[in-house]
Amino acid sequence: MSLACSQPVSLYVHIPWCRVRCGYCDFNTYVADTSDPGVTSPYVCALLREMDLAARRIGRRRVETVYFGGGTPTLMPLADYARIMAAVRDRFDLSPDAEVTTEANPETVAPDVLEGLRNCGINRLSMGMQSAAPHVLATLDRAHTPGRVTQAVAWARTAGFEDVSLDLIYGTPGESMADWGQSVDAALALEPDHLSAYSLIVEEGTPMARRMAAGQLPYPDEDDLADKYLVADERFAAAGLEWYEVSNWARPGHECRHNMVYWRGGDWWGLGAGAHSHLAGRRWWNHRRPLTYEAALEGGQSPAAGSEHPTAEQTRVEMIMLGIRLSEGFDAALLTSTETARVEAYVAAGQMRRRGDRLICAKQGRLLADGIVREILD
Amino acid sequence: MAYSPGSTDPSAIRNFSIIAHIDHGKSTLADRMLQLTGVVDDRTMRAQYLDRMDIERERGITIKSQAVRLPWQVGGEEYVLNMIDTPGHVDFTYEVSRSLAACEGAVLLVDAAQGIEAQTLANLYLALEADLTIIPVLNKIDLPGAYPEKYAAELAHVIGCDVSDVLRVSAKTGDGVEQLLNEIVRQVPPPQGDADAPARALIFDSVYDAYRGVVTYVRVVDGELNHRERILMMSTKATHEVLEVGVISPEPVKADALGVGEVGYLITGVKDVRQSRVGDTVTSAGRPAGEPLAGYRHPKPMVYSGLYPLEGNDFPELREALDKLQLNDAALVYEPETSAALGFGFRVGFLGLLHMEIIRERLEREFSLDIISTAPSVVYRVITEDNVEHIVTNPSEFPTGKVAQVFEPIVKASVLAPAEYIGTLMELCQQRRGIQTGMEYLSEDRVELHYTLPLAEIVFDFFDALKSRTKGYASLDYEDAGEQEADLVKVDILLNSEPVDAFSAIVHKDRAYAYGVDIATRLRKLIPRQQFEVPIQAAIGTRVIARETIRAVRKDVLAKCYGGDITRKRKLLEKQKEGKKRMKMVGRVEVPQEAFIAALATSEVEKK
């Protein structure tokens, strides 16, 4: 089946390695020594093979965004970044003003690395700051010290990154409201173009979940999370960063275009172990384990482990479920008449509002978005 | 030569019961008697032979009595002993009294390591009232912990006999059982009756059998009941044909007739024990007796509870199961009811708490139903100011208008315990609005306390409180003692201003606040936060007496939702939508049924 069309496509590249595994993380990551080419080389070869497969399937489509996620992509040698980016340019029509992001951990970047990334064509940096409080970083198993972030951001600016994003996590056990306020202020002091702030999610099966179940760590308190969210939202807005998705804020024009593709139901191809793709109404996901993933491609097979073809109704639900999280909201025409009637109660209560043909979560409704979707959908 | 049923000389008959507490060894003693008299050989013997139902064997409770005809010889003379089993629990006092009414004597069996218990004592009083000859027996004399001297003295004191009159047996080893059988023949008087008078037989039990229909156990007082005869039930005026008559020894043995003093069974083909009621008099339809035997009482439920299937779909199965249980239980009454919190179920009336527990357990075990039950309630009589009387078996029936008077059932209770617990027991009884009416020392260190108590206070958790405060040593018996006026109110629990029927309760005015706080606190912990603030109120009429608040949910949104999360998130949403459909709605408030169930269940657990 050919998926060729004129629509642009986004590329996600999954780099699955980390130096240590953080206690709260349930991502598809593996601790590995990436200075050993024996580790990275077969994986990068597999990525290129998958890119070939993608190019055969969808043709030389225009690519507006590329996103290196992980894992800790910056553990990957620069030469591999260069190979991957060259392959993207070779097989696809990489737009001259494409947004090309890599995630980075503060402790893995140095001035020469950042310069090298720029030279590969990477123009956006998303850095995992998480917190400015040392005891919070320790609970999260993060290896960096708060000062390292300041330095890394400065280096990034020197290297010419005009788009720097920082990630923060709130609600870590032991984090006081004052700790969080300091983290927010510290992040803002670095003048990032974009901020993501996530409440700590305790995922099943993680070491942190086990420690909580054993009573060694307290569970996050929902009220505390709500309070911290509101503090962050207020200070970010005061600093000129506007919310555009539940957990994301940006200076106008610096919203993450790649993530917007996900949230607007656009097309993307996810390359790498465990990566998800969405193209022409179909979703699939690759084998999670890097070795399985590599073996499939080496054997000339598709690396897909599973797929689904959402029904029209499921697609409609997704559009609402994702759109309600955005400042642009969702198209009111997606709702049935009974759903529209239920929305009115939220509009009347000031939790949602209408803007043209869009329905948007007001500030009072933003933290209840999932509950609102459950209530309004038939 | 041995006597055959229908032609037994009354002077050779000895009808007796064994009065004993649970675990004091009645079934084991019965087993030995079956073996010694030769009606069961050693090869077919099994423990607790007469206790047929699983549930009885495991709990050690005999719910349904049976009568066994045992041949026995003393001094070359043939005798026929009819051993009539009695149920051993407080809820079945009436059934016990009817079994005793069928006898001339009773063996008072007491564990030599534990002494007499309250229910045994109560049943002993029933036997004494019925003028039965009492043979006191200490069992388990072989146990290392036995105090035969001490408890023989106690028994002698209670009955007013000599210590040397107390027999000592070990039902387990059989030691002393032969002498006991001889003493039964010697001491228990033979039945007296008029063989030529119109037939009168006392029904002391009736049991439903899936193959035979109802098996009715009778003791013939006057005249004779014959095979193929038409009989008349004197209370219901129903007539039936006797399809089979016989004795149990210990398997059924058919006979042509039952004569004066004999004990046996009748089968008429009826399918429902309510047509053959315990205490009723059977007479001949062709030549009916003028007067029934004294003492018949229609069973009256004392305690009501709502029973609901955990799975709403199981409602028809629950109905079917209750229908089946009722075939064998004339005291079980029920009617459908609906609860906003629990769905469709039944309001079920029971003789008492044990009866309720047994029914619940049988529903779960024999019919594989998962049942949730509401707090038990007694029957109140409420007079409103317009002078209308309301009988209230369910708090929801409590009249909403101005109430002039409320009457609650009371019981005469006796508690038997080691004397060291007098203080704690008096405190407990006082808390439960009890009025002490007397106290007697059974021996130096054992005491019997007499109280008048509201039945409602007993059905709640009294028995458990009693046991836990006395390390299990106290025993309890009670009997209906009419009603009293009391300062009772109905407390409603309101969730966001909507009453939750399952938690309404009729309680004493002084307890209303504590009840309201207790339930409101529990529900606050169990009901998930909603998108709006939900008040939980306890109210008497329109007056709120306690309040808790479930605060509105403040955060209900996943922090992260990127490309790989979308499928998972949509599936989660689909699952949550499914879950919403199973929620019980109380007004706008969504409550998982588990929360209601947990709130009802913890109320049982915490009280224990």
Side-chain angles (χ1 to χ4, degrees), chain A residues 10 12 14 27-28 67 69 169-171 196-201 222-227 229-230 245-247 258-259 261-263 265 268 270 274-278 283 285 306 308 310 314-315 317-318 321-322 324-325 346 349 351 361 365-375 377-378, chain B residues 495-498 521-536 547-595 598:
Chain A
S10 286
Y12 172 80
H14 190 73
F27 289 175
N28 187 28
Y67 195 104
I169 292 180
Y170 58 93
S196 302
Y198 307 111
S199 68
L200 179 74
I201 302 174
E222 293 288 308
D223 291 322
D224 179 57
L225 296 179
D227 289 337
Y229 179 89
L230 294 176
E245 195 261 359
V246 169
S247 302
H258 184 83
N259 288 340
V261 170
Y262 297 149
W263 297 327
W268 78 90
H276 285 238
S277 299
H278 178 248
R283 290 183 195 288
W285 41 93
E308 66 164 359
Q314 286 172 325
T315 303
V317 167
E318 285 180 6
M321 171 188 98
L322 297 171
I324 200 169
R325 300 170 63 90
Y346 289 97
Q351 291 172 317
C361 254
R366 221 190 290 164
L367 281 175
L368 301 174
D370 287 352
I372 293 174
V373 170
R374 281 201 298 278
E375 285 298 320
L377 287 186
D378 287 334
Chain B
L495 199 55
N496 206 28
S497 307
E498 297 278 338
T521 311
R522 202 178 295 151
L523 288 174
R524 173 175 58 74
K525 289 179 186 158
L526 289 165
I527 296 174
R529 291 164 72 173
Q530 316 274 314
Q531 288 185 355
F532 47 91
E533 183 177 290
V534 177
I536 306 173
R547 177 185 164 123
E548 290 275 341
T549 304
I550 305 172
R551 287 175 307 132
V553 69
R554 292 191 52 209
K555 182 174 178 297
D556 185 2
V557 64
L558 276 181
K560 282 194 187 190
C561 186
Y562 293 99
D565 303 322
I566 295 170
T567 301
R568 181 162 72 142
K569 186 168 163 61
R570 193 195 69 234
K571 285 185 174 161
L572 178 66
L573 177 63
E574 285 163 359
K575 206 170 120 189
Q576 287 168 332
K577 293 289 291 178
E578 269 314 298
K580 260 177 83 77
K581 289 183 194 152
R582 288 197 302 274
M583 293 277 187
K584 301 279 179 183
M585 297 301 295
V586 177
R588 290 169 63 209
V589 183
E590 276 177 9
V591 186
Q593 190 174 352
E594 302 81 68

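Source: prediction; values computed, not measured. Just so we're on the same page: letters track the sequence lines, and every chain starts at 1.
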Engaged part of [X] at the chain B interface, taking heavy atoms whose separation is under 4.5 Å:
X: A/Asp227; result: both
X: A/Leu322; result: side chain
X: A/Ile169; result: neither
X: A/Arg374; result: both
X: A/Asp378; result: backbone
X: A/Asp223; result: both
X: A/Tyr67; result: neither
X: A/Ile201; result: side chain

Please report the shortest heavy-atom distance between A/Trp285 and B/Thr567, naming the atom on each side.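 Here A/Trp285 and B/Thr567 meet closest at CZ3-OG1, 4.3 Å.
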Quick check: closest heavy atoms across A/Gly371 and B/Gln531, and the distance to 0.1 Å?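 Taking A/Gly371 first and B/Gln531 second, the nearest heavy atoms are C-NE2, 3.0 Å.
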Could you grab the distance from atom NZ of B/Lys560 to atom CG of A/Asn259, nearest 0.5 Å is fine?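 Output value for this atom pair is 10.5 Å.
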Roughly how far, to the nearest 0.5 Å, is CD of B/Gln530 from CD of A/Glu375?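 It comes to 8.5 Å.
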B/Lys577, part contacting chain A, at a heavy-atom distance under 4.5 Å: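 It is the side chain, since no backbone atom gets that close.
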Counting only non-hydrogen atoms closer than 4.5 Å, does B/Leu558 touch chain A with its backbone (N, CA, C, O), its side chain (CB onward), both, or neither?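 Interface part for B/Leu558: both.
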For A/Glu308 and B/Arg570, what are the C-alpha separation, side-chain angles and deciding distance, and is it a salt bridge (Lys or Arg N to Asp or Glu O under 4.0 Å)? CA-CA 12 Å; A/Glu308 66 164 359; B/Arg570 193 195 69 234; 2.9 Å; yes
Do the rings of B/Tyr562 and A/Tyr262 sit parallel, tilted or perpendicular, given the 30° and 60° boundaries?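 Ring orientation of B/Tyr562 relative to A/Tyr262: perpendicular.
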For chain B, which of A/Arg366, A/His276, A/His258 has the most heavy-atom pairs under 4.5 Å?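 When all of A/Arg366, A/His276, A/His258 are compared, A/His276 has the most.
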Run the side-chain contact (heavy atoms from CB on, under 4.5 Å) test on B/Glu574 and A/Val317 for me, step by step, so that the C-alpha distance in whole Å, both residues' side-chain angles and the decisive distance to 0.1 Å come before the verdict. CA-CA 9 Å; B/Glu574 285 163 359; A/Val317 167; 5.8 Å; no
Residues B/Leu572, A/Asp370; criterion side-chain contact (heavy atoms from CB on, under 4.5 Å); working and verdict: CA-CA 11 Å; B/Leu572 178 66; A/Asp370 287 352; over 6 Å; no
Could you check whether any side-chain N or O of A/Arg325 sits under 3.5 Å from a backbone N or O of B/Ala559, counting only pairs where one atom can act as donor and the other as acceptor?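 Flag set: sc A/Arg325 to bb B/Ala559 pair under 3.5 Å.
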Quick one, A/Arg283 and B/Ile566 - any side-chain contact, counting heavy atoms below 4.5 Å?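 Touching, per the 4.5 Å side-chain cut-off.
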Between B/Lys569 and A/Glu318, is the side-chain contact (heavy atoms from CB on, under 4.5 Å) condition met? List the steps. CA-CA 9 Å; B/Lys569 186 168 163 61; A/Glu318 285 180 6; over 6 Å; no
